[in-house]
Trainee: 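Let me give you the structure first, and then I'll get to my questions.
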Protein chains: 2
Amino acid sequence: MTPSPKTAPDASRRSERSRRAILDAALELVGETGYQRLTIEAIAARAGVGKQTIYRWWPSKAAVLLDAFAALGEEAAAGETELPDTGDLEADLKLVLRTTVDELNSPRFDAAYRALAAESIVNPEVCAHFVERILEPQLRLYAQRLARAQQAGHIRPDIDPRTALELLTGPLTHRWLLRTLPLTHEYADAVVELTLRGLAHG
Amino acid sequence: MTPSPKTAPDASRRSERSRRAILDAALELVGETGYQRLTIEAIAARAGVGKQTIYRWWPSKAAVLLDAFAALGEEAAAGETELPDTGDLEADLKLVLRTTVDELNSPRFDAAYRALAAESIVNPEVCAHFVERILEPQLRLYAQRLARAQQAGHIRPDIDPRTALELLTGPLTHRWLLRTLPLTHEYADAVVELTLRGLAHG
DNA sequence: CTGAGCCGAGACGGTTCGTCTCGAACGCCA
DNA sequence: TGGCGTTCGAGACGAACCGTCTCGGCTCAG
């Protein structure tokens with residue numbers, strides 16, 4: 001029996017050229033017109049592609065954007081499989097959070113990331129994919145680094161690394177998403193210092 | 001000269017009955033069908049109102065929902081102009097954050113709050129109104145309570161209350177929005193404990 | 001060489017948009 | 001009290017986009 005209700009398309013005959021053109025067009029358009037006005041029709045026109053080619057491979061515009069953003073992230077983070085570990089946890093975390101701040105402030109990431117976050121908030125299915133595909137791989141790096149710090153005695157042993165992690169990233173995303181105040185390196189540093197003083201041993 | 005380009009409608013002749021019906025219908029529908037499928041047409045039909053009556057008074061469905069949610073919040077928080085202050089900062093914060101957790105988990109608030117957050121992320125104008133109208137009043141209460149704790153010497157004097165505040169609420173909203181893990185009282189307690197240990201004097 | 005399947009292109013009916021036009025109901029002001 | 005301007009409910013209207021479909025053209029497997 002076939003897994004899909006409608007016979008699934010043959011992925012081996014898929015046009016890589018069209019796939020890339022669609023992902024690129026989606027990223028361009030979401031930056032130009034915003035997520036609300038982003039339409040499948042416009043993506044198809046910009047990519048020089050039939051609409052059916054999009055509907056054949058993706059269930060929604062959010063799914064297209066998710067793939068596009070994932071490809072973007074994989075290019076940027078090619079090879080970076082670990083967070084820095086100089087032994088100085090505070091300095092390492094500041095470095096990484098500053099990088100995150102720069103990414104969130106970069107126009108190239110901003111529009112697509114916002115679109116996916118917004119869609120995830122009101123759409124549990126997209127949310128699950130977004131978390132699994134984009135968020136989890138990033139957070140896992142943090143969690144590993146925190147676990148190592150815990151083994152080294154720099155963080156109290158009774159603390160759940162996931163909770164510690166959210167204490168660091170939560171305030172950043174909160175300020176970024178709701179634009180309450182500008183997102184700066186100084187803020188990233190302050191979050192690390194204040195949070196660590198609660199997590200640090202002794 | 002009139003302030004608006006198109007002559008503004010006369011607010012004194014506005015139908016209060018229609019206004020309430022529209023706000024109620026918007027809240028109902030966003031709970032039933034979700035924000036994506038919420039349409040002005042459906043709101044008008046449910047409220048027994050002409051579409052023009054909505055377009056005359058609101059610029060978008062997000063604006064309608066914002067008013068509806070604000071009215072909902074004002075009912076719920078009628079009179080609550082201050083956070084509890086028993087002198088025990090940790091206990092007070094746990095109590096309040098637990099209440100916030102309950103609200104976020106309550107179906108009555110969830111759908112509308114998510115819709116407004118999602119819209120705010122991709123729409124700076126709605127975001128500004130959302131922050132000013134909904135978020136700021138809540139956060140101001142926290143900020144006041146933290147400032148008093150600071151005066152009482154329970155929080156280090158060099159800490160910006162806004163930053164301290166985001167350390168508390170950021171992790172909660174993060175987990176709520178992205179559904180990474182369930183949002184519980186235990187989590188609220190953990191956030192307060194871990195955060196305070198960084199903020200507490202000595 | 002032949003056929004199945006993806007491709008670009010775009011027609012199609014359905015839905016919602018935001019505007020506009022009715023006659024009816026309402027409330028301010030004479 | 002009567003008149004008049006404005007909002008009201010209702011719905012028609014063209015435009016935009018939806019998701020499905022049909023059509024030739026092209027590519028690859030057998």
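All of these numbers come straight from a predicted model, not from anything done at the bench.
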Trainee: Round to the nearest Å and state the distance from A:E41 atom CD to C:dA11 atom P.
Mentor: 11 Å

Trainee: Nearest whole Å is fine: how far is C:dC7 C1' from A:D10 CG?
Mentor: 14 Å

Trainee: Taking the nucleotide of DNA chain C with the closest heavy atom to each, which residue, B:P59 or A:A44, is nearer the 5' end?
Mentor: A:A44

Trainee: Can you tell me which nucleotide in D:dT7, D:dC18, C:dC6 comes closest to the side chain of B:R13?
Mentor: D:dT7

Trainee: Any salt bridge between B:R156 and A:E193, counting N to O under 4.0 Å?
Mentor: no

Trainee: For a side chain to side chain donor-acceptor pair (under 3.5 Å) check, start with the C-alpha distance between A:D10 and A:S12, then their side-chain angles and the critical distance, and finish with the verdict.
Mentor: CA-CA 6 Å; A:D10 181 350; A:S12 71; 2.7 Å; yes

Trainee: Starting at atom CG of B:L38, determine the distance to atom C1' of C:dT15, rounded to an integer number of angstrom.
Mentor: 15 Å

Trainee: Working to the nearest 0.5 Å, report the span between OH of B:Y113 and CD1 of A:I121.
Mentor: 11.0 Å

Trainee: Do A:R114's NZ or CZ and the ring of A:W176 fall within the cation-pi criteria of under 6.0 Å and 45°?
Mentor: yes

Trainee: Just to confirm, is there a sub-4.0 Å distance from OP1 or OP2 of D:dG19 to any side-chain nitrogen or oxygen of A:W58?
Mentor: no

Trainee: Would you mind reading off the distance between B:K51 atom NZ and C:dC20 atom C1', rounded to a whole angstrom?
Mentor: 11 Å

Trainee: Nearest of D:dC18, C:dT19, D:dG9 to any side-chain atom of A:T39?
Mentor: D:dC18

Trainee: Give the nucleotide from the list C:dG10, D:dA12, D:dC8 with an atom nearest to the side chain of B:S15.
Mentor: D:dC8

Trainee: Within this structure, what is the CZ-to-P distance between A:R14 and C:dG5, rounded to whole angstrom?
Mentor: 17 Å

Trainee: What is the separation between atom CD1 on B:I54 and atom P on C:dT19, rounded to the nearest whole Å?
Mentor: 13 Å

Trainee: Does a side-chain N or O from A:S18 land closer than 4.0 Å to OP1 or OP2 of C:dG8, or not?
Mentor: yes

Trainee: Identify the two heavy atoms, one from B:A25 and one from B:R46, that lie closest to each other, and give their separation to 0.1 Å.
Mentor: CB-CG, 3.5 Å

Trainee: Report yes if at least one side-chain N or O of A:R37 is closer than 4.0 Å to OP1 or OP2 of D:dC17; otherwise report no.
Mentor: no

Trainee: What nucleotide, of C:dT19, C:dA9, C:dC26, holds the atom closest to the side chain of A:Q52?
Mentor: C:dA9

Trainee: Taking CD1 from B:I40 and C1' from C:dT15, how many angstroms apart are they, rounded to a whole number?
Mentor: 15 Å

Trainee: Atom CD of B:E16 and atom P of D:dC8: how far apart are they, to the nearest Å?
Mentor: 11 Å

Trainee: Has B:W57 got a side-chain N or O lying under 4.0 Å from the OP1 or OP2 atom of D:dT6?
Mentor: no

